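Let me begin by presenting the structure, written as structure tokens, before commenting on it.
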Amino acid sequence: MTPGKKTVEPAASRTRTRVSGEGARTAHRQAMLREMLRIRRFEERCVELYSAGDIRGFVHLCIGEEAVSVGVHQALAPEDAVVTTYREHGHALARGVPAEAVFAEMLGRVTGCSRGRGGSMHLFDVSRRFYGGHGIVAGGLPVAAGLALADRMRGLERVTCCLFGDGAVAEGEFHETANLAALWDLPLLLVCENNLYAMGTALSREHAQTDLAARAASYGMAAWEADGMDVLAVEQAARRAARAVRDGAGPHFLELRTYRFRAHSMYDPDRYRDKAEVERWKQRDPITLLATRMRGEDGMDDADLEALEREVAAELDAALEQARQGAAEPVEDLLRYVRTPPEGTS
Amino acid sequence: MTPGKKTVEPAASRTRTRVSGEGARTAHRQAMLREMLRIRRFEERCVELYSAGDIRGFVHLCIGEEAVSVGVHQALAPEDAVVTTYREHGHALARGVPAEAVFAEMLGRVTGCSRGRGGSMHLFDVSRRFYGGHGIVAGGLPVAAGLALADRMRGLERVTCCLFGDGAVAEGEFHETANLAALWDLPLLLVCENNLYAMGTALSREHAQTDLAARAASYGMAAWEADGMDVLAVEQAARRAARAVRDGAGPHFLELRTYRFRAHSMYDPDRYRDKAEVERWKQRDPITLLATRMRGEDGMDDADLEALEREVAAELDAALEQARQGAAEPVEDLLRYVRTPPEGTS
Amino acid sequence: MTKARAAHQAEPVTYREAMREAMREALAGDERVFLMGEDVGRYGGAFGVSLGLVEEFGPQRVRDTPLSESGFVGAGIGAAIAGLRPIVEVMTVNFSLLALDQILNNAATLLHMSGGQVSVPLVIRMTTGAGRQLAAQHSHSLEGWYAHIPGIRVLAPATLEDARYMLAPALADPDPVIIFEHGSLYNLSGVLPPDAGPVDLDSAAVRRPGSDISLITSGGSLGKTLEAAEQLAADHHVDAEVVDLRTLRPLDDATVIGSVRRTHRAVIVDEGWRTGGLSAEVAARITEHAFYDLDAPVERVCGAEVPVPYAAQLEQAALPQVPGIVAAARRAVG
Amino acid sequence: MTKARAAHQAEPVTYREAMREAMREALAGDERVFLMGEDVGRYGGAFGVSLGLVEEFGPQRVRDTPLSESGFVGAGIGAAIAGLRPIVEVMTVNFSLLALDQILNNAATLLHMSGGQVSVPLVIRMTTGAGRQLAAQHSHSLEGWYAHIPGIRVLAPATLEDARYMLAPALADPDPVIIFEHGSLYNLSGVLPPDAGPVDLDSAAVRRPGSDISLITSGGSLGKTLEAAEQLAADHHVDAEVVDLRTLRPLDDATVIGSVRRTHRAVIVDEGWRTGGLSAEVAARITEHAFYDLDAPVERVCGAEVPVPYAAQLEQAALPQVPGIVAAARRAVG
Ligand SMILES: Cc1ncc(C[n+]2csc(CCOP(=O)(O)OP(=O)(O)O)c2C)c(N)n1
Ligand SMILES: Cc1ncc(C[n+]2csc(CCOP(=O)(O)OP(=O)(O)O)c2C)c(N)n1
Ligand SMILES: [Mg+2]
Ligand SMILES: [Mg+2]
């Protein structure tokens, strides 16, 4: 099978490759497998860079949750918008933000996707309608509702996809946004990345009603759950929901049950999770799940996998190398972008 | 039938008069009728005082909603706590805050229940565990949860009753409080006084899901609706809910559908409601409803009603007269109560 | 009514009508503009400012919201990012705390945090101030807090002309602007100057020229300050200059410092609580930039440090009043 | 470990441990005290301050909350009104905006608005400050905003001793107290003086006596300021006095003004944004009370007016640094 240059393009662009026939199915699955691998390996390098002191601040990994990023982004078109959290490396990469720009951002370089001003938690790429990268839990939700409101008022058939965690659902801003979205019929796709913990707080100690899809449904919006470890299930659920949103059926809520294999952030000693629980979930590693399936159904073999790993490694080597070349922004420019400079100046 | 001195005592104290036998039933209904009349006439005087310029600021009347105040307070004992909104004259009176102290508060006198510092929106009487009088919509909800949490932690079998409007349910603080209460099993009675409007905004333009009891139930708490114009229905629903809360069954939510016969506040020209709608609701005046019933079932006649009116008028005349005697607080005391003075000073 | 027509009419208008006219002009002139907030539509605005606009522009563009300050302010931010020009009315500053996270961490921050990619051309309007016996929770003056936030422009129209002509330049600003309307000004009435046009949002205004002392104020305190200036002239032969800051962020140092350099004395009048209020910043800047020109310490006449009480005499005692301004000015010149 | 034992041990403790010890002492000594906040229990606190406390005191008294800042801060207010003594941890000041309505309109206001009936003996702890490359939304210094609120006491422990001994008097205060812990201080380590005891919450502290100039600061900036003072002495023969405000509200004017009266010069060092920050109030008070004693304008060294950027060099440039403090002091004495 061919590596397919396509796989390094924005996930968004791939959504238009219609999945028809076995070859196409295999290529599509391979693209998703490759993207999940790419995210996994990208974040493993982030760990190294962090340990080496090249990346600082808060860094939140999505290792174990790659099926959410990759599956959901299959359903999004380039004209759609994405709003997410500080745990967004995977979403940014799946959306097509170049790995180099994300590495550079975390290294604090001017070539970073936020010019080094945002860091790991605040990745932005407006050219891809990737609107961050929000550090205040649930803070991105009302903003996403506003992006959707603008499309609604202008009659544009676009989807705004807002991703957030299970913890965010407890914040008042979730409630206000869910009500506004349902009340105003906004083209908003709410995706709850339920990894069962908000930092050290387990789902059952965050929420009286732990069926989050049921909670969302109570606002009068369509809401359902999918297996967040199975990228095919995520893709199917996301495509179905996104299509409905695009067709004007109003906001939809997806609860994707997943699990983070690593600690909450680099600072977190992870004392609150039972190691056996973590191990159990690792048995459902989204990459292994898809790979195993493809071995059975798509005739994928070790060689193919190694090839994928090699391509991903090559891309990331080059991206990191490039990122390291990026310049640091001169401190003279500290005050740039606080306000937009008046016309004619800069 | 005897006017019954009892009826001017705190509603709370009346809750212990067991309702048994016809005479008792009649006396109890008469007490509630009298209390509703008392609230109605009290607020009618507020209108006069406002027009005369003796009361200023925002004044929100509950005329039309008296069955909520009187019915709910039947279920509360003196050791219970009450937290409410700026539309609280009725709740304060039903709780037993003397009419004189409420008049005096609105007249800005030092003899007011908040020493004239709060005015109409901020009635307090800690001796009756009446904790205000909150002007920020939904702002009282988390505080009520905290009062209930304290009882829960100390194992006290008391109820904290928090009253709020339909508009408050849209605020994030409602959501956070509902989840905390259900998650922590707090002895909290949430009473939504649903008068179908938040200022000029109709229920269907505030909420995607207008069945507020259903919304509350989605947090995993017991929730039901009752006719907020029928004081007997309100009393029954409130007693049932309060008993359950007191017995440790966790938070309960009551939606009481009612209607305000007057504008939102003295400032409101009430342009947004169809006069016919208002007239329809006036056909269900809670005072007329109970009076009619008592004529049929309790042999009440015009003379009884006139007697009640006379007693109420006499009480309010005396209360207002007394309130007018109250002194204005000297401006030298402006900074008192900003912080508690150190021991030994004042 | 268009600006042209405004220029020709001579009937008096109120501050409320001037602000409404500014919004009507914006809604009529730019389809990207819409108004959103609690009761801005059918109710006509809590203070009647948007009365009639929903009938004229429809419920899509004059949009009633549920009680969800954080939700609809955040939605305004998103709509602005998407290219619309929302005017979000937060009924009063007292309720804006519920939306402060959105204003500080999103509206004011996204442009910089995204390295210049995400602009937020949002206008937020709110009523502010005390004086109507609304008690502690409805009488805040928190302009100083908003003026502390980098990335935001803060306006305080204190005159009919500013109420009428500050909105257009605010909407033309590519970044967030907050407009504070003091509740006591809505019934202010007068005739708009025929030649009036868009206000320069970078400059303070000298409302009364004078040579003996600079009285620096803004918003709801301008009237009291002008009255104090007249009393100082009539009763104490003190010729006071009155400076209306108008734009609370960024502050127009040139006008303020220039005035103090000429008068050598200054009194700042601010309804907000004294400690840590806007008055402190203005006082600090004056002593930083005009230290050697000052003949007396800068005086501040501010709100008393107390939750504003309901009772009339207590509320009046808690707010800046003309006699207090006159006394402070006399201390400074004396 | 009781205070007595603390007094006898000589091993060094960290600021984190000192704060934890203060909480343990409070929890052990008063059954009305409980700790509530996001991840204060099983996680041990986002910065490890409450590590081990849930094991010792149980999940009722060391209570993990959902992400609901307004909800659990409001619940803390209610529990305090009911007679308990809650310590509510808002993980960081950055998230406290979501609870600001509860803090301002309820905690700070209820006592006065109820005519003295409703006391709120609540202690709120939060981490504050920048310097760890956490970027704009996680690097705020908003102590100045809280210090603007009548009815609240605001503390900024900058030393091990204050971390260890400010909590007890804060809990003894019948009214709300907010404690700001600068994130850069948690690993500060040293030996607690054996004679240490409850801190007087009304007084600032002179951390380094000096005669040429007063350097006034607090919290996370104390270390840099002391360092600057040493450089001024070593390299420029300037003997600087360093005043740690410690209590940001109410400000201890006597100590601050007294120092400036002696030195005739002042520099204020504050990590917060300059415009409208706490630095402005301190500067304004100095010129109000010591105008005729000042030999130079009061200098302010503050955070740059920008959302704090992630990149190391930009973040460092955005915060007060030793060279900037030294330069300001030399301008003042020069
Ligand atoms: C309003 C707010 N409160 C607290 C925090 C600190 N915090 C950062 S992430 C987090 C947990 C969020 O959990 P969840 O929403 O489930 O997302 P996850 O990290 O699991 O992906 C917390 C408490 C924050 N960033 N914002
Ligand atoms: C947070 C907040 N937003 C807005 C207001 C202004 N306001 C006061 S009452 C009200 C309507 C509340 O409606 P509802 O909760 O149904 O109570 P009702 O007045 O109908 O009894 C509004 C918008 C406020 N006081 N607080
Ligand atoms: Mg989670
Ligand atoms: Mg209502």
Side-chain angles (χ1 to χ4, degrees), chain A residues 55-58 86 105-110 112 114-122 132-139 165-174 197-203 205-208 264-265 267-273 328-338, chain D residues 37-48 50-52 54-55 59 63-72 74 91-92 94-99 101 130-140 183 186 273 303-319 321:
Chain A
I55 296 178
R56 315 282 335 106
F58 287 150
Y86 47 84
E105 185 57 34
M106 291 196 254
L107 295 172
R109 306 305 165 90
V110 70
S114 304
R115 292 186 68 96
R117 282 173 152 79
S120 165
M121 294 194 288
H122 306 300
H134 291 260
I136 304 299
V137 169
D166 45 291
V169 174
E171 291 281 6
E173 287 188 315
F174 168 81
Y197 288 85
M199 276 183 71
T201 305
L203 188 64
R205 284 183 287 106
E206 299 168 53
H207 297 287
H264 168 72
S265 76
Y267 283 15
D268 171 15
D270 201 350
R271 296 191 193 83
Y272 47 84
R273 296 192 304 186
E329 187 148 25
V331 296
E332 297 63 45
D333 289 349
L334 173 64
L335 299 186
R336 258 181 99 177
Y337 309 122
V338 175
Chain D
E38 290 159 13
D39 290 302
V40 296
R42 290 155 186 81
Y43 190 99
F47 301 92
S50 51
L51 194 64
V54 70
E55 289 75 8
R63 185 174 283 266
D64 284 320
T65 67
L67 278 121
S68 305
E69 285 76 8
S70 198
F72 67 76
M91 198 177 284
T92 77
N94 310 287
F95 319 138
S96 72
L97 300 176
L98 295 165
D101 170 65
R132 291 161 298 143
Q133 285 191 256
L134 302 183
Q137 294 181 332
H138 284 75
S139 300
H140 292 299
Y186 286 123
W273 291 312
E305 308 220 15
V306 59
V308 179
Y310 164 74
Q313 79 283 5
L314 295 178
E315 182 184 40
Q316 288 306 306
L319 304 176
Q321 304 295 354

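This structure is a prediction, so every number in the text was calculated from the model and none was measured. Throughout, protein chains are lettered first and strands after them, A, B, ... in sequence-line order, and every chain is numbered starting at 1.
Looking only at heavy-atom pairs under 4.5 Å with chain A, the residue among D:Arg132, D:Glu69, D:His138, D:Glu315 that has the most is D:His138. The most heavy-atom pairs under 4.5 Å with chain D, out of A:Glu171, A:Glu206, A:Met106, come from A:Glu171. Among D:Ser68, D:Gly41, D:Gly48, the residue making the largest number of heavy-atom pairs under 4.5 Å with chain A is D:Ser68.
Annotation for D:Ala135 and A:Gly118: closest pair CB-O, 3.5 Å, computed over non-hydrogen atoms. Closest approach of A:Gly108 to D:Ala311, counting heavy atoms only: O-CB, 3.7 Å. Of all heavy-atom pairs spanning D:Ala304 and A:Leu334, the tightest one is CB-CD2, 3.8 Å. Heavy atoms only, all atoms of each residue included: D:Leu134 and A:Gly57 are closest at CD2-CA, 3.6 Å. Closest approach of D:Pro66 to A:Ala170, counting heavy atoms only: CB-CB, 3.9 Å. Nearest heavy-atom pair, A:Arg205 versus D:Asp64, reported as atom, atom and distance to 0.1 Å: NH1-OD2, 3.4 Å.
For D:Ala312, no part lies under 4.5 angstrom from a heavy atom of chain A. Residue D:Ser70 does not touch chain A at all, counting heavy-atom pairs closer than 4.5 Å. Only the backbone of D:Glu305 comes within less than 4.5 Å of a heavy atom of chain A; no side-chain atom from C-beta onward does. In this structure, no portion of A:Leu203 lies under 4.5 Å from any heavy atom of chain D. For chain D, the nearby part of A:Met121 is the side chain; its heavy atoms alone come within less than 4.5 Å. At a 4.5 Å heavy-atom cutoff, D:Leu97 makes no contact with chain A through either its backbone or its side chain.
Looking at A:Asp268 and D:Tyr43, their side chains come closer than 4.5 Å, going by heavy atoms from C-beta outward. Residues D:Leu314 and A:Arg117 form a side-chain contact, since some pair of their non-hydrogen atoms from C-beta on lies under 4.5 Å apart. Residues D:Gln137 and A:His122 meet the side-chain proximity criterion, which asks for heavy atoms closer than 4.5 Å.
Side-chain atoms of D:Asn94 do not come within 3.5 Å of backbone N or O of A:Ile136 as any donor-acceptor pair. At least one donor-acceptor pair under 3.5 Å links the side chain of D:Gln313 to the backbone N or O of A:Glu329. Distance alone, capped at 3.5 Å, is enough to place a donor-acceptor pair between the D:Tyr310 side chain and the A:Arg56 backbone.
Note: D:Leu67 CG to A:Met199 CE = 9.0 Å, rounded to the nearest 0.5 Å.
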